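What you are looking at is a predicted structure, and each value in this text was computed from that prediction instead of being measured. For ligands, and for the atoms within them, numbers begin at 1 and follow the listed sequence.
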Amino acid sequence: MIVVQKYGGSSVADTDRIIKVAERITAAKRAGNDVVVVVSAMGKSTDRLTQQALEIAAVPPARELDMLLTAGERISMALLAMAIGEEGFTARSFTGSQAGIITDAAHGKARIIDITPGRITDALAEGHIVIVAGFQGVSRESKDITTLGRGGSDTTAVALAGALDADLCEIYTDVDGVYTADPRLAPKARRLEAVTHEEMLELAASGAKVLQVRAVEYARNHGVRLHVRSSFSHQDGTWVEKDGTMEQAIISGVAHDTSEGKLVVRGVPDKPGVAARIFTGLADANINVDMIVQNVSADGTTDVSFTVPVADGPRALALLEELRAEVGLGEIVFDDDIAKVSLVGAGMKTHPGVAATMFAALSAAGVNIEMISTSTIRVSVIVRREHVERAVQAVHDAFELDGEQTAVVR
Ligand code: ADP
Ligand code: ASP
Ligand code: MG
């Protein structure tokens, strides 16, 4: 049986942790499995490398930034291979490119378009443990090294599990599963035993960074079963699978996201084609727009507010400035002091009043709501960033999501 295991940064943060992880990997091999390991950069090294780049250039060239960041994963994969050697097994480490992870050319947020894992299957057939550097690939078009976006090692692992038809993909991290909220903000959050791909997709898309959203998308599309668990214990974690094994709860959790900013465009002409022009421009520039709100118009103009990743804020602003003359826009303001808080649950569809309860809880906690958006299984609000913790806890309390125990996070 083929098992794919992914170890996040804190799981391989120092030499001791790498040796501990090597022991866990060799145990899986000893149990008779073919083992493919996807590894992240050690600890916070991706943050450090990014910081170094920013000290040299305000806007580092995307190609070189990717080249730099992928070095982090190469360090951990080689050290891990050595540690496995010390355990008496042989390991072969591969960069994303060597592992056959083919992507498009979008540096910093590349998408996997194909996987040709010949070297992996050969190495497995020779009896080796395979280690693959997470979060990276190579562009078929430009032949350059690309990265899959922050948290992208999750996606490498799930995509490999799909391509290799693995029986299981284990995501080892610093928390022992998926909780009803980020346990760092809501210490009484409850661990979920199982969650469906759909619910996990909404949680991840709403900011629950325990899994990268693309990894969940891939898992759903290819039917990969995930087990999210701690590399610091042997406890079972959370199963992410097609049909939840548990009876479906109304609410699966509360997620928060502080990575977006809000753009407010005033004086937008209220006539057909204007919104299309603005949002086509943003889409062509590969800027992901999340929530959009258009106000009722007065005197032939309206206000449009929408959220974009903070990192894309300056580019979005520049683009709107260009459009100002063409379509006739008024004042444009960028506000990155916001947070998004989302309530997710498949049972919401059939239970009226969920949004009302959420808004009442926020109001009782003195949190003002600036924007609202909903889907069939999610309600999201934008609040001031300083209110994020209070908002998450208030909503979590209102839906009585607390567990019996305090969550363990490292
Ligand atoms: P790794 O480096 O292992 O990939 P990440 O930091 O990317 O780890 O993701 C794990 C973190 O995700 C946890 O430490 C936790 O703070 C955060 N998190 C956010 N939402 C949740 C949630 N609903 N359940 C569990 N962890 C969550
Ligand atoms: N090292 C990368 C990051 O910190 C990728 C990952 O850990 O998944 O985002
Ligand atoms: Mg991660």
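Because its NZ or CZ atom is both nearer than 6.0 Å to the ring centre of F232 and within 45° of the ring axis, R17 counts as a cation-pi partner of that residue.
Residue G177 has at least one heavy-atom neighbour below 4.0 Å for each of these atoms of ligand 1: 24 (N), 25 (C). Using a 4.0 Å cut-off to heavy atoms of V178, the atoms of ligand 1 that qualify are 24 (N). Residue A208 has at least one heavy-atom neighbour below 4.0 Å for each of these atoms of ligand 1: 20 (N). The atoms of ligand 1 that sit less than 4.0 Å from any heavy atom of T173 are 1 (P), 3 (O), 8 (O), 10 (C). Counting atoms of ligand 1 from 1 in the listed order, those under 4.0 Å from a heavy atom of Y179 are 22 (C), 23 (N), 24 (N), 25 (C). The distance from ligand 1 to the heavy atoms of G9 drops below 4.0 Å at these ligand atoms: 2 (O). Near R184, meaning under 4.0 Å from one of its heavy atoms, ligand 1 places the atoms 14 (O), 15 (C), 16 (O).
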TODO: Go through D165 and I2 one step at a time and tell me if the side-chain contact (heavy atoms from CB on, under 4.5 Å) criterion holds.
DONE: CA-CA 8 Å; D165 215 7; I2 299 186; over 6 Å; no
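At least one heavy atom of A181 lies less than 4.0 angstrom from ligand 1. A heavy-atom separation below 4.0 Å is not found between G72 and ligand 2. Using a 4.0 Å cutoff on heavy atoms, G134 does not count as a contact of ligand 2.
Protein heavy atom in closest approach to atom 5 (C) of ligand 2: F135 CG, 3.4 Å. The protein heavy-atom contact nearest to atom 4 (O) of ligand 2 is R150 NH2, 2.9 Å. Annotation: atom 6 (C) of ligand 2 to nearest protein heavy atom, S153 OG, 3.3 Å.
For ligand 2, the polar-atom distance check finds an N/O of T46 within less than 3.5 Å of one of the ligand's N/O atoms. Close N/O approach between D154 and ligand 1 is not found [any backbone or side-chain N/O within under 3.5 Å].
T70 and Q136 form no side-chain donor-acceptor contact under 3.5 Å, judged by distance and modelled atom types alone. Side-chain contact check for T302 and S297: no donor-acceptor pair (N or O, by modelled atom type) lies under 3.5 Å. No side-chain N or O of T146 forms a donor-acceptor pair with one of D66 less than 3.5 Å apart.
Contacts between V175 and ligand 1 below 4.0 angstrom, taking non-hydrogen atoms only, involve the side chain exclusively. Proximity of Q212 to ligand 2, defined as any heavy-atom pair under 4.0 Å, is not found for any part of the residue. Heavy atoms of P183 found under 4.0 angstrom from ligand 1 belong exclusively to the side chain. For K6, every heavy-atom contact with ligand 1 shorter than 4.0 Å involves the side chain, none the backbone. Heavy atoms from both the backbone and the side chain of K209 come within less than 4.0 Å of ligand 1.
Using the six-membered ring where Trp is involved, F279 and F306 have ring planes that are perpendicular, over 60° apart on the 30 and 60° scheme.
Here D236 does not pair with R191 in a salt bridge; the nearest charged N to carboxylate O distance is not below 4.0 Å.
Judged by distance alone, the side chain of H396 and the main-chain N or O of V392 form no donor-acceptor pair under 3.5 Å.
Among G9, S40, G8, the residue whose heavy atom lies nearest to atom 7 (O) of ligand 2 is S40.
The minimum heavy-atom distance linking L401 with R190 is given by the pair O-CB, 3.4 Å. Closest approach of A157 and V4 over heavy atoms only: O-CG1, 3.7 Å.
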